[in-house]
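See structure below.
In what follows, every chain begins at residue 1, and chains take the letters A, B, ... in the order their sequences are listed. Note that this is a predicted model, so its numbers are computed, not measured.
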Amino acid sequence: MTPAIEPTQESVFTIREIAPKIFDMTIVSSTEEGSAALISKHAKAGQFVMIRGGEEAERIPLTIAQTEPEKRAVRLIFQVAGTSTHKLSLLKPGDPVLNLAGPLGKPSEIVEGKKVLVIGGGVGIAAILPIARELYHAGNEVTVVLGARTTALLILKDEFAQISHHLTLCTDDGSEGHKGFVTDAIKDLVAYRGVYDVGWAVGPTIMMKMCSEIAKQLDFPLWTSLNPIMVDGTGMCGGCRVLVGDEVFFACVDGPEFDGRLVDWDNLMLRQKQFKNEEADSYHHCRLEDQLNSR
Amino acid sequence: MLNRSKQKTKLTERSPEDRRKDFLEVNDGYTFTEAVSEADRCLQCRNAPCIQGCPVAIDIPGFIKAIQEKDLERSWEILYTTNQLPAICGRVCPQEKQCEERCTVGKIKDSEPVAIGRLERFTADWKRKAGFTPVTIEVTKPEKIAVVGSGPAGLTVASELAKNGYAVDLFEALHAPGGVLTYGIPEFRLPKEIVRAEIEGIRQLGVSLRTDLIVGKTIYFDEIRQKYRAVFLGIGAGAPKFMGVSGTNLNGIFSASEFLTRVNLMKAFRFPYADTPITIGKHVIVVGGGNVAMDAARSAMRLGAQTVTIVYRRTETELPARWEEYHHAIEEGIRFMWLSNPIAYLPGPDFRVTGARIQKMGLGDPDASGRRKPVPLPGVEETLDCDCVIEAIGQSAHRILSEGFKEVRLNRYGYIEVDPETLMTSVPGVFAGGDIVTGAATVIEAMGAGKTAAKGIMRYLTAIA
């Protein structure tokens with residue numbers, strides 16, 4: 001007898017490079033029992049999935065950008081930063097996705113009727129999309145600030161335009177919106193519109209650190225989504241431990257969102273570099289394999 | 001013919017120099033002749049004290065008698081009737097504290113007990129190589145049962161219920177089944193090919209296995225309870241503990257769980273052919289004295305460490321690890337630093353650990369465990385240089401649990417409270433067993449709990465039917 005509910009087939013429905021090295025991928029399940037189907041039914045804003053693209057691949061966490069339960073679909077947006085994301089980027093529509101598990105982590109604490117600030121930087125813009133969407137539909141006054149190095153990397157602007165009351169764009173090189181960092185924009189906004197009740201910031205670690213310093217100065221809570229190295233994503237290994245208010249937490253089960261004002265950012269940034277050399281070796285090895293395969 | 005040798009039939013082990021370079025097994029197990037010779041040491045005691053020492057009550061004299069008679073198929077049948085994971089148990093059970101401890105031959109002056117574990121492994125390995133014919137069992141019962149967690153407890157519950165005609169869905173959070181058998185115990189002690197084969201046997205009984213599904217997250221506990229007439233929680237004690245000393249968050253410091261998961265589940269020993277890395281540097285410290293500490297230390301040696309030092313706060317006498325594992329570790333060149341406890345990890349310029357401050361200990365009066373309690377010797381400290389620290393000081397209850405199964409009553413350590421007879425939790429129809437009830441214990445104890453829970457579940461289903 002062949003067991004009835006295995007293996008569930010997850011496959012890529014669409015995949016598109018929406019900005020240099022940034023991919024927008026939708027994964028669907030073939031059945032109602034599939035991972036994407038169940039995740040799309042149960043996920044809330046702020047949660048993530050663990051994904052593994054092939055037999056020898058790492059398990060990596062990716063924040064869920066969107067879910068469509070009626071289509072059994074989960075949308076993930078990621079930037080190619082090494083071997084694992086490179087391999088995911090090579091998937092084509094119809095290709096199977098070996099493992100997809102989630103939704104993991106605690107959902108965002110969505111407030112109602114508040115004046116909220118939502119800050120997204122780089123590929124973090126994708127991670128903050130569902131949070132902004134929920135906040136908007138929960139009747140908050142939503143101000144969104146999006147920042148990237150240059151205009152080509154400023155993703156999802158149109159989607160944010162529909163779920164925000166104020167949208168501010170900035171680029172480091174001034175190719176779109178304000179020239180400068182999101183932190184400059186926040187200072188201007190607060191000076192002009194007053195302080196916010198609560199905020200969210202997702203982006204490069206250094207950006208979240210700088211935003212948290214401003215939140216500390218201006219005295220409003222700022223949720224940041226921490227992205228340490230993870231192995232299982234279910235609280236089993238402790239590799240993702242972070243220091244928040246001098247206490248050790250596991251980002252996968254206690255987070256990933258923590259009040260940025262209390263996070264030990266330097267510790268997080270140093271821990272993120274733990275396997276820097278190995279990651280470079282692995283990526284090099286992976287690209288050599290690509291070349292061999294393409295011959 | 002009875003073999004009156006006082007020693008167990010010798011098992012040829014690979015030289016420590018060879019085995020510390022790879023992840024292959026320490027030995028290849030008994031040959032046919034060796035196995036028959038060892039089986040001939042068994043007295044076939046009528047009262048079979050060995051069976052009482054076995055948490056799953058295998059008919060030990062029975063399967064050994066069949067080896068004596070050179071009827072390996074029969075030996076297999078007897079073994080497999082009670083134990084669905086014999087090749088695993090033959091390798092990782094602490095037989096010296098269970099069946100073999102009670103063996104009559106071992107009670108004779110200067111005599112070693114019958115090597116029951118090695119014989120169990122022999123029969124199971126023979127069958128796997130000879131060709132295992134899957135047994136398919138028809139579903140005859142209307143009730144569906146969910147088993148959460150595919151470690152030793154969950155696998156046992158699932159197979160027992162399937163053998164009794166129940167439809168079972170087995171859920172695993174990770175991408176590969178087996179729980180600690182897969183992510184925890186290293187390849188050189190338990191090859192994953194064997195884990196896969198024995199789990200395949202259980203699937204063939206008709207158990208549906210679903211990986212990548214986290215009950216409480218992917219499906220809510222309420223949904224599971226609505227869909228199934230009974231639920232078994234065998235989710236293990238998976239959350240690593242840390243000493244919590246200063247410097248714990250430095251790079252190069254791992255919980256044994258992370259280190260072993262990277263190496264075993266994610267195959268970091270094959271990096272860069274496998275994508276998941278591990279870094280250990282030249283000098284490794286392992287903190288702790290249990291089997292997990294031995295596994296971590298011996299794995300670190302195999303990954304190329306120059307020195308591996310196990311730092312343990314008591315002495316050799318109190319060491320909780322199996323004697324065999326301890327001796328394999330010594331043979332392979334693992335150093336032991338007794339009566340020592342790290343009190344701080346020292347950072348280098350690149351935020352990597354470069355050493356540990358070690359507090360020397362003395363032994364005081366016996367504590368609750370009956371072992372003498374280690375007490376710090378004031379002012380007696382030393383520094384041990386290292387590039388990597390692996391803390392193997394135990395695990396606690398999985399944290400997703402408190403979120404996912406709020407209705408289930410926990411004890412003050414965060415483990416699930418159960419009725420000791422039936423293993424039913426405070427929620428009717430929900431059962432639990434293994435490490436999530438007892439705290440970290442052994443594979444075979446979890447399997448024993450699986451047997452008890454399966455009986456409890458069947459009695460419950462009959463009663464409510």
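- Contact of the B/Pro272 side chain with the A/Asp281 side chain is not registered, since no non-hydrogen atoms from C-beta on lie closer than 4.5 Å.
- Of the atoms belonging to B/Tyr220, heavy atoms from both backbone and side chain fall under 4.5 Å from chain A.
- In A/Phe13, the CZ atom is not crowded: 12 or fewer heavy atoms of neighbouring residues, nucleotides or ligands sit closer than 6.0 Å.
- The nearest pair of heavy atoms linking B/Pro277 to A/Glu278 is CB-CB, 3.6 Å.
- Your options are B/Pro240, B/Ala274, B/Ser257, and the one with the most heavy-atom pairs under 4.5 Å with chain A is B/Pro240.
- Between chain B and the residues A/Gly82, A/Gly105, A/Cys252, the most heavy-atom pairs under 4.5 angstrom are made by A/Gly105.
- A donor-acceptor pair shorter than 3.5 Å cannot be found between the side chains of A/Arg271 and B/Asn249.
- Counting heavy atoms from C-beta outward, B/Leu174 and A/Arg59 have side chains that approach closer than 4.5 Å.
- Atom-to-atom distance recorded for B/Thr276:OG1 and A/Ile229:CD1 is 11.0 Å, nearest 0.5 angstrom.
- Annotation for B/Asp212 and A/Leu98: closest pair OD2-O, 4.3 Å, computed over non-hydrogen atoms.
- Relative ring orientation between A/Phe275 and B/Phe254 is described as parallel, the plane-to-plane angle staying below 30° on a 0-90° scale split at 30° and 60°.
- Once rounded to the nearest 0.5 Å, the distance linking CD of A/Glu56 with NZ of B/Lys267 reads 8.5 Å.
- Annotation: B/Glu200, atom CD; neighbour count of heavy atoms from other residues, nucleotides and ligands within 6.0 Å is above 12.
- Within the model, atoms CG of B/Asp275 and CD of A/Glu279 stand 11.0 Å from one another, a figure rounded to the nearest 0.5 Å.
- One distance of note links CG of B/Leu260 with CE of A/Met236; it measures 10.0 Å at 0.5 Å rounding.
- By the 4.5 Å heavy-atom criterion applied to side chains, B/Asp350 and A/Lys276 are not counted as neighbours.
- A/Leu268 does not touch chain B: none of its heavy atoms, backbone or side chain, sits under 4.5 Å away.
- Note that NE2 of B/His175 is 7.5 Å distant from CD of A/Glu55, once rounded to the nearest 0.5 Å.
- Residue contact with chain B, scored on non-hydrogen atoms closer than 4.5 Å, involves the backbone and the side chain of A/Phe250 alike.
- Heavy atoms of A/Ile60 lying under 4.5 Å from chain B are absent altogether.
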Practice item. Give the C-alpha distance, both sets of side-chain angles, the deciding distance and a yes or no for salt bridge (Lys or Arg N to Asp or Glu O under 4.0 Å) between A/Glu33 and B/Lys227. Key: CA-CA 13 Å; A/Glu33 308 283 327; B/Lys227 208 169 150 194; 3.4 Å; yes

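- Summarising the local packing, NZ of B/Lys141 is surrounded by more than 12 heavy atoms from other residues, nucleotides or ligands at distances under 6.0 Å.
- No side-chain donor-acceptor contact under 3.5 Å links A/His42 to the backbone of B/Lys217.
- Distance CD/B/Glu258 to CE/A/Met230: 11.5 Å, rounded to 0.5 Å.
- Ion pair A/Arg241/B/Glu391 not flagged as a salt bridge, since none of the NZ, NE, NH1 or NH2 atoms sits closer than 4.0 Å to an Asp/Glu carboxylate oxygen.
- For the set A/Ile39, A/Asn277, A/Val253, A/Asn267, the entry with the most heavy-atom pairs within less than 4.5 Å of chain B is A/Asn267.
- One N or O on the side chain of B/Asn251 and one on the backbone of A/Leu270 form a donor-acceptor pair closer than 3.5 Å.
- Proximity to chain B (any heavy atom under 4.5 Å) is restricted, for A/Asp254, to the side chain, taken from C-beta onward.
- Contact annotation for A/Thr234: both backbone and side-chain heavy atoms come within less than 4.5 Å of a heavy atom of chain B.
- When A/Gly235, A/Gly239, A/Pro103 are compared by the number of non-hydrogen pairs under 4.5 Å with chain B, A/Pro103 comes out ahead.
- For chain B, the nearby part of A/Val231 is the side chain; its heavy atoms alone come within less than 4.5 Å.
- Put simply, of B/Leu265, B/Ile278, B/Thr248, B/Thr261, the one with the most heavy-atom pairs under 4.5 Å next to chain A is B/Thr248.
- Residue B/Lys163 places its NZ atom among more than 12 non-hydrogen atoms of other residues, nucleotides or ligands, all under 6.0 Å distant.
- In plain terms, the two heavy atoms of A/Ala101 and B/Ala173 that are nearest each other are CB-O, 4.4 Å.
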